[in-house]
Protein chains: 2
Amino acid sequence: MARPRKPLLSRDRIVGAASALVDAEGLEAVSTRRLAAELGVSGPSLYNHFRNKDEILDAVADAVSAKVDLSMFDECDARDWRTALHDWALSYRAALADHPHLVPLLARGPGRRPAGLKVADAVFGAMVRAGWPPAQATYIGALMRYFITGSALGSFARGFVKDETAYDPADYPHLGQAHLLADRQEQIDEGAFATGLRALLDGLEAQYATLRPTPHHP
Amino acid sequence: MARPRKPLLSRDRIVGAASALVDAEGLEAVSTRRLAAELGVSGPSLYNHFRNKDEILDAVADAVSAKVDLSMFDECDARDWRTALHDWALSYRAALADHPHLVPLLARGPGRRPAGLKVADAVFGAMVRAGWPPAQATYIGALMRYFITGSALGSFARGFVKDETAYDPADYPHLGQAHLLADRQEQIDEGAFATGLRALLDGLEAQYATLRPTPHHP
DNA sequence: ACCTGAACACCGTTCAAGT
DNA sequence: ACCTGAACACCGTTCAAGT
């Protein structure tokens, strides 16, 4: 076979196949050999398009960041930064929920992934425009990412196992109330996310109110 | 050699060696063969003490949870639940900072790890005693864990890479301000964590104030 | 009960060889 | 330039064999 007249692979085709494989069977199902087989080529072929496996997974992860809606930051100003942050958080969380197996990768931060950086850039820019000092705007981008990715990781990994016998009331006197059992986990995740998001935004608003107002433009 | 008169291995010895290996060289350095070599035995020996590699790593992760201080919840009541949560968050974060390579494991929730469950139990119990309704107490435990583990993951993984040329100002107009570059990352992590924690607790306090007060005991 | 070596079915990556 | 098979240095886990 050797080199075909038209390339069999492309970065896009590889990323697409890897993405499908991760979503269907999880991160640990992705091996270079398995992925290559899925694409109808032999393992080493991938190395003509990516330096290594990590680079492939980075590209897959970045495709998720690219789906996060950022339009709410476009016209956002001092009046509605809270609404923008809120809507962005929901969009971010929804994007992660669509690809739960990729959350561990995304939780590590943007690195040099372009879409991840675009997200960070949009949040920072909007917060500065809304009147937050640059340092605070940076913190807001980071702490929102902490909470959103942390919640996604915690949720999708299903923090508690299903087997009730794992939780002996003698060891954990308060868990017996079944408030933490797996069958209620989804409601708990929703409630905890909503409660935490509201608390965060309430807290930030209180802090925003203590800033000295930015001078008017003449 | 075969069976020695006194066992060469124990669960504790294995966990200790695995822990040291993870801390020194990271999660990916831990293979059953490498770990066994470190312990002076052959690979399959480990399977006399643990069902598989994941069980070993679970035990290593749980050892970290066991180091989280929970004493602030002992006498905590309606007056000081906020302080208790605050101090616990710092202790939790410090425990994670001591073992950054284990954060991805811990961020997935307690599972059936005993020390992880003890943490969840302590937070829940204290919040209920402080007057939070059980459902809210559950949310608080979850959302605090989201924020703390999310921040640990984001920090220790170093969200942005050092190479400044990775961030073309044409692509990310607001990142050029150097507020997000790697050499300042540690200060940013500290600031973002402190700001987020304060916002969360402020927000929760506002919510607590709207609860109808619990009736006095006669 | 607890350790061993051999074996199975995998890995990621490199590289010379082919077109 | 782009794909191949062979090869290297690994994996996690099972299992019969030893004491």
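So that the names make sense, note that chain A is the first sequence line, chain B the second, and so on, each numbered from 1. This structure is a prediction, so every number in the text was calculated from the model and none was measured. Scope of the values below: all heavy atoms of this structure, side chains included, with no hydrogens, waters or symmetry mates.
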request  = Report the distance from atom CZ of A/Arg51 to atom P of C/dT14, rounded to the nearest whole Å.
outcome  = 11 Å
inquiry  = Rounded to whole Å, how long is the line connecting atom CD of B/Glu28 with atom P of D/dG12?
reply    = 12 Å
ask   = Using a cut-off of less than 4.0 Å, is there contact between a side-chain N or O of A/Ser45 and OP1 or OP2 of D/dC2?
value = no
key: Separation of D/dC11 P from B/Lys53 NZ (nearest whole Å)   = 9 Å
inquiry  = Between B/His101 and B/Asp23, is the side-chain hydrogen bond (donor to acceptor under 3.5 Å, both in side chains) condition met? List the steps.
reply    = CA-CA 6 Å; B/His101 294 124; B/Asp23 286 344; 5.3 Å; no
inquiry  = Do the side chains of A/Asp202 and A/Arg82 get close enough for a salt bridge, i.e. N-O under 4.0 angstrom?
reply    = yes
request  = Starting from Watson-Crick (N1-N3 plus N6-O4 or O6-N4) and G-U wobble pairs under 3.5 Å, report the runs of at least three that DNA chain D belongs to.
outcome  = C:4-8 with D:12-16, C:12-16 with D:4-8
task = Please work out which of the three classes, parallel, tilted or perpendicular, describes the rings of B/Trp81 and B/Trp132, given edges at 30° and 60°.
result = perpendicular
key: Whole-Å distance separating the CZ atom of A/Arg34 from the C1' atom of C/dA9   = 14 Å
query = If you pin A/Pro7 and B/Tyr47 to their nearest nucleotides in DNA chain D, which one's is more 5'?
reply = A/Pro7
task = Mind checking A/Ser31 for me? I need base, sugar-phosphate or nothing, with any heavy atom below 4.0 Å counting as a touch.
result = sugar-phosphate
inquiry  = Distance check needed: D/dT13 P versus B/Leu57 CG, whole Å only.
reply    = 10 Å
query = If you measure from the C1' atom in C/dA9 to the same atom in D/dC10, how many Å do you get, rounded?
reply = 13 Å
task = Choose from D/dT4, C/dC2, D/dC3 the nucleotide whose nearest atom is closest to any side-chain atom of A/Leu8.
result = D/dC3
ask   = Is any side-chain N or O of A/His49 closer than 4.0 Å to OP1 or OP2 of D/dA1?
value = no
key: Ring centers of B/Phe193, A/Tyr139 separated by less than 6.0 Å   = no
inquiry  = Any carboxylate oxygen within less than 4.0 angstrom of a Lys/Arg side-chain nitrogen, looking at A/Arg93 and A/Glu190?
reply    = yes
Rounded distance (Å) that lies between atom C1' of D/dC2 and atom CZ of A/Arg13 = 14 Å
key: Within residues 4-21 of chain B or reaching into it, pairs that qualify as salt bridge (charged side-chain N to carboxylate O under 4.0 Å, His left out) - sequence neighbours excluded   = none
ask   = B/Ile14 has an atom CD1; how far is it from atom P of C/dC2, in whole Å?
value = 11 Å
query = Of all the nucleotides listed (D/dC3, D/dT13, D/dG5), which has the minimum atom distance to the side chain of A/Pro44?
reply = D/dG5
ask   = Reckon B/Thr32 has a side-chain N or O less than 4.0 Å from the OP1 or OP2 of D/dG12?
value = yes
Whole-Å distance separating the CD1 atom of B/Ile56 from the C1' atom of D/dT13 = 12 Å
inquiry  = Contact between B/Ile148 and B/Leu96 at the side-chain level, heavy atoms closer than 4.5 Å - yes or no?
reply    = yes
ask   = Any donor-acceptor pair under 3.5 Å between the side chain of A/Arg33 and the base of C/dG12?
value = yes
